[in-house]
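See structure below.
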Amino acid sequence: MAWTKYQLFLAGLMLTTGSINTLSAKWADLFKAKGCHDDTERAFAHPFVQAVGMFLGEFSCIAVFYILLCYDRRRPEPKMNPGRSFNPLLFFPPAMCDMTATSLMYVALSMTSASSFQMLRGAVIIFTGLLSVAFLGRRLEPSQWLGIFTTILGLVIVGLSDFFSGHRDDTLKLSDVITGDLLIIMAQIIVAVQMVLEEKFVYKHDVHPLKAVGTEGFFGFFVLSLLLIPMYFIHVGDFSDNPRQVLEDALEAFCQIGHEPLILLALLGNTVSIAFFNFAGISVTKEISATTRMVLDSLRTLVIWVVSLALGWEHFQGLQVLGFLVLLVGTALYNGLHRPLLARIPCCAALVNTEEVDGNSPGERERLLGDGSVQNADDS
């Protein structure tokens with residue numbers, strides 16, 4: 001069935017804003033500017049300030065939710081389900097997981113390439129699958145287990161690619177690349193915990209996804225903004241790139257932005273794009289399918305990779321191509337993207353039907369509802 005113009009717009013919006021989100025964050029890391037303390041130009045290394053901006057973008061989803069709700073109520077027959085009332089503190093634990101994981105990933109992004117950053121985020125499949133079995137009592141299908149093992153293989157290949165690129169590229173420190181990659185993997189464990197918490201305690205309350213994202217964004221923005229105060233006084237030595245060698249120097253960040261206004265443009269790109277990306281992702285799931293959303297997310301990795309190469313932010317690595325393809329296969333197997341292909345083969349159609357009956361079908365895993373509510377709404 002052909003897509004409508006609106007569906008094409010949503011797919012394009014998700015792909016574009018998702019790519020801009022990672023690219024703008026990496027662009028900010030590449031700037032050098034003078035700070036508050038001397039005339040020396042230093043790299044803009046302020047991951048926690050960037051994370052605050054990202055949560056501000058998520059928080060804005062609350063405004064989008066109420067705008068859509070007001071628009072829907074003006075219709076002769078309102079269709080939007082605003083969800084039931086809920087205790088906002090239900091979102092506090094997953095929001096803290098989101099805050100921790102996002103901060104770790106912004107630290108990692110300053111150490112490794114944008115393409116590796118995006119590819120290694122595929123590790124979330126592994127930990128989400130294992131935690132859902134352990135804590136949600138979910139039974140994974142054989143194809144999902146195969147997808148997990150394939151993803152592990154893809155991560156190893158991408159890691160080897162980064163290892164060799166760290167040896168060959170004088171602009172990269174091998175220790176930084178390895179540390180960055182490990183931080184990304186650690187962050188995915190926390191993201192997986194966040195997803196399990198959301199499914200177990202939050203989405204059973206029938207909360208609209210935009211409202212869920214916005215509420216988590218509020219907690220993340222509020223708590224991390226307060227944490228910037230003690231971070232200003234916590235000395236971490238050589239681990240920090242700012243002149244005072246503290247965990248985060250927000251004042252230094254604002255001084256650098258004042259000396260180089262393009263940094264503000266990069267930060268605004270990150271903040272605005274995450275809001276539109278969450279809206280587009282939820283809308284794609286509702287208007288088209290959860291499978292399409294997974295495919296577009298994989299294409300986002302490809303776009304980020306190509307743009308990074310074109311801008312000279314990184315060098316081409318043949319091993320990374322293999323790693324990307326293996327990760328793509330792992331993601332496809334885990335999310336059931338292989339089903340339509342196997343269903344067309346007579347000898348495999350029965351196997352597909354057996355998996356859908358005995359295991360959890362993709363529709364069940366995504367919990368897509370008629371009103372547009374969907375599990376895993378937060379997509380930073």
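Since the model is a prediction, treat every value here as computed from it, not as a measurement.
Checked against ring pair (Phe, Tyr, Trp, His ring centres under 6.0 Å), Phe276 has no partners two or more places apart in sequence or in another chain. By the side chain to side chain donor-acceptor pair (under 3.5 Å) test, Gln118 pairs with Thr22, sequence neighbours left out. Partners of Phe219 under the ring pair (Phe, Tyr, Trp, His ring centres under 6.0 Å) rule, at least two apart in sequence or in another chain, are Phe92. The ring pair (Phe, Tyr, Trp, His ring centres under 6.0 Å) test applied to Phe31 returns Trp27, not counting sequence neighbours. Annotation: side-chain contact (heavy atoms from CB on, under 4.5 Å) contacts of Leu264 (sequence neighbours excluded): Ile257, Leu268. Residues passing the side-chain contact (heavy atoms from CB on, under 4.5 Å) test with Leu182, sequence neighbours excluded: Ile178. Applying the side-chain contact (heavy atoms from CB on, under 4.5 Å) test to Ser225 and every residue at least two apart in sequence or in another chain returns Val52, Phe221. Annotation: side-chain contact (heavy atoms from CB on, under 4.5 Å) contacts of Val236 (sequence neighbours excluded): Ile234, Phe239, Ser240, Leu247.
Pairs engaging residues 243-255 under the salt bridge (Lys or Arg N to Asp or Glu O under 4.0 Å) rule: Arg244-Asp249 [sequence neighbours left out]. Screening residues 20-132 for disulfide bond (SG atoms under 2.5 Å apart), with sequence neighbours left out, gives Cys36-Cys255. Screening residues 104-165 for disulfide bond (SG atoms under 2.5 Å apart) gives no qualifying pairs among residues at least two apart or on separate chains. Pairs engaging residues 101-131 under the ring pair (Phe, Tyr, Trp, His ring centres under 6.0 Å) rule: none recorded [sequence neighbours left out].
Asp72 and Arg75 are joined by a salt bridge, as a carboxylate oxygen and a charged side-chain nitrogen come within less than 4.0 angstrom of each other.
Taking the six-membered ring for Trp and thresholds of 30 and 60 degrees, Trp305 and Phe316 have nearly parallel ring planes, at less than 30 degrees apart.
The closest side-chain heavy-atom distance from Ser115 to Glu314 is below 4.5 Å. Side-chain contact between Val326 and Thr150: present, with at least one pair of heavy atoms (C-beta onward) separated by less than 4.5 Å. No side-chain heavy atom of Leu69 sits under 4.5 Å from any side-chain heavy atom of His208.
Closest approach of Leu120 and Ile185 over heavy atoms only: O-CD1, 4.1 Å. Nearest heavy-atom pair, Asn270 versus Gln50, reported as atom, atom and distance to 0.1 Å: ND2-O, 3.8 Å. The shortest heavy-atom contact between Gly129 and Ile148 is CA-CD1, 4.4 Å.
Distance CD1/Ile184 to CE/Met111: 10.0 Å, rounded to 0.5 Å.
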